[in-house]
Amino acid sequence: MDGGFFLAQLDFCPDMVYDHVTDRQGQDQRGPDVEQLPPLFPRRLPRPRVFRTRLVLDQISDRKIIDDYRLSRTAIYELYQEIREDIDPTTARSHAVPGIVKLLTVLQFLATGTFQHVLGGNSGVDQSTVSRHLTQVLRALKKCVRKHIAFPMGVEEHRKIKTGFFKIAGMPNVLGAIDCTHVAFTPPADQEMQYRNRKMGYSLNVQAVCDASLKILDVVTRYPGSCHDSYILSNSALGRKFAEGRIAQGWLLGDAGYGSKTWLLTPIPIPRSDAEKRYNESHISTRCTIERTFGVLKSRFRCLHISGGSLQYSPEKVADIVLVCCMLHNIALRHNLDIDIDIVVPPELDITPLATGSDVSRGNAVRRQVIREWFSQPREAL
């Protein structure tokens, strides 16, 4: 190779600076009339990583923060303090992604349902990095769920909940409104039948219980869309507590798909007397809080609504996303963050025939007693 040229075929890369082709004595071999071609030998220069969201909370308005992340500035910083040990970089490298950037990126995904490559462009990190951040931040946020979602067990807490529900339409002793809602996602091909719901879509069937202020008191996110609402309740920890009498002196309100129980009141299928009609009207007005809760939840976190697209994650990760969104919903309520409800979630009544038995009979007896004691006269006359 004496006197020859050492050539290499390299793809052009915008991150590299290229030197001219020279011989072994360092002389330029192209001559004055040779067209100036792109240089071939690269000398890599470092590409600066720019995290545009690192400064965004200090530069944009409070309204913009709520619109983009669904939480206020204060709520975001409080949440970051709760999980920073789990998401802050463990390295001192200057190019490590800050924990607050990871949190903001995930909050924006949950709020908008925007595809990851778009989010990556907004936050200064690429799609694969966003995916890793989602896993890391979800894992950290899950550790905080019990702090923000817990069914109250104290007498005073129960009294406040009952008072809140009674003020709506005079329904007594209500500890929560219960229902299920579906969250669409694309399941693995070999599990499609398990997650196919009665509308022939694929989803998780999510059970939630709320209070009169739309706060979520209990949520179950792990069941596939093929599961009946009543099956989820009977196999949930909260359902077992009620059934075993560990939560007494009150009941839940549910639709007819659950079946009447001593601790769960359902509407009268065909009301005949004025008292039964008043009971049904009160039941519907009071129980609709859970439908409003689902509407607010899915309006606030578009990733849960089909308008945001079907989630493209494993069933386990989708369940985690739903759980975290429910927690963030409660945090938003605690910070008095209102949102316009532009998603109406209609009641999803499962028409599967109800089971009959002694439990239903006792539940019907409790319902008749409630009607007799509380709805025999118009509310204004009581």
Given 3.5 Å as the limit, does a donor-acceptor pair link the side chain of [X] with the main chain of [Y], or not?
X: N280; Y: I268; value: yes
X: S236; Y: L233; value: yes
X: Q194; Y: Q191; value: no
X: R240; Y: N235; value: yes
X: R70; Y: D67; value: yes
X: R222; Y: A319; value: no
X: T221; Y: L323; value: no
X: K102; Y: Q136; value: no
X: N330; Y: H148; value: yes
X: S282; Y: R278; value: no

Could you tell me which non-hydrogen atom of [X] sits nearest to which non-hydrogen atom of [Y], and how far apart they are?
X: L134; Y: V106; result: CA-CG2, 3.7 Å
X: H158; Y: P152; result: NE2-O, 2.8 Å
X: R367; Y: T266; result: NH1-OG1, 3.0 Å
X: W251; Y: L265; result: NE1-CD1, 3.3 Å
X: S285; Y: I168; result: O-CG2, 3.7 Å
X: Y77; Y: D58; result: OH-OD1, 3.6 Å

Give the intermediate values and the outcome of side-chain contact (heavy atoms from CB on, under 4.5 Å) for residues R368 and I371. CA-CA 5 Å; R368 287 193 297 270; I371 294 173; 5.5 Å; no
Are there over 12 heavy-atom neighbours, none belonging to [X], within less than 6.0 Å of that residue's [atom1]?
X: R272; atom1: CZ; result: no
X: E85; atom1: CD; result: no
X: Q249; atom1: CD; result: no

Using links of under 4.5 Å between side-chain heavy atoms of ILVMFWY residues, direct or through other members, which residues join I232 in one cluster?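 Its cluster mates, by chain and number, are V220, Y223, Y231.
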About how many Å separate [atom2] of [Y] and [atom1] of [X], when rounded to the nearest 0.5 Å?
X: D179; Y: T293; atom1: CG; atom2: OG1; answer: 10.5 Å
X: C210; Y: L253; atom1: SG; atom2: CG; answer: 9.5 Å
X: L252; Y: I290; atom1: CG; atom2: CD1; answer: 10.5 Å
X: T262; Y: N364; atom1: OG1; atom2: CG; answer: 11.0 Å
X: R287; Y: I178; atom1: CZ; atom2: CD1; answer: 10.0 Å
X: E78; Y: I83; atom1: CD; atom2: CD1; answer: 13.0 Å

Can you tell if the side chain of [X] reaches within under 4.5 Å of the side chain of [Y], non-hydrogen atoms only?
X: F185; Y: L204; value: yes
X: L175; Y: K162; value: yes
X: Y279; Y: M171; value: yes
X: L333; Y: V296; value: no
X: L104; Y: Y80; value: no
X: P188; Y: P315; value: yes
X: L103; Y: R84; value: no
X: I100; Y: I76; value: yes

Would you please test H182 and Y195 for side-chain contact (heavy atoms from CB on, under 4.5 Å) and show each step? CA-CA 10 Å; H182 288 263; Y195 290 94; over 6 Å; no
Pair [X] + [Y], salt bridge at N-O below 4.0 Å:
X: R139; Y: D86; value: no
X: R159; Y: E156; value: yes
X: D211; Y: K215; value: no

Given the rule that I, L, V, M, F, W and Y join up when any side-chain heavy atoms are under 4.5 Å apart, are [X] and [Y] in one cluster?
X: M153; Y: L264; result: yes
X: V322; Y: Y202; result: no
X: F166; Y: I284; result: no
X: I321; Y: I306; result: no

How far apart are the C-alpha atoms of E276 and I270, what are their side-chain angles, what is the distance that settles it, and do they pass the side-chain contact (heavy atoms from CB on, under 4.5 Å) test? CA-CA 9 Å; E276 289 179 346; I270 304 177; over 6 Å; no
Before you tell me yes or no, could you show the steps for L71 and H335 under side-chain contact (heavy atoms from CB on, under 4.5 Å), namely the whole-Å CA-CA distance, both residues' side-chain angles and the distance that decides it to 0.1 Å? CA-CA 8 Å; L71 296 179; H335 286 266; over 6 Å; no
Which pairs with one or both residues in residues 183-195 pass salt bridge (charged side-chain N to carboxylate O under 4.0 Å, His left out), sequence neighbours excluded?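 Of all non-adjacent pairs touching residues 183-195, none passes salt bridge (charged side-chain N to carboxylate O under 4.0 Å, His left out).
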Sort out for me which residue in N197, T181, D229 forms a side chain to side chain donor-acceptor pair (under 3.5 Å) with N205.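 With N205 as partner, side chain to side chain donor-acceptor pair (under 3.5 Å) holds for just one option, D229.
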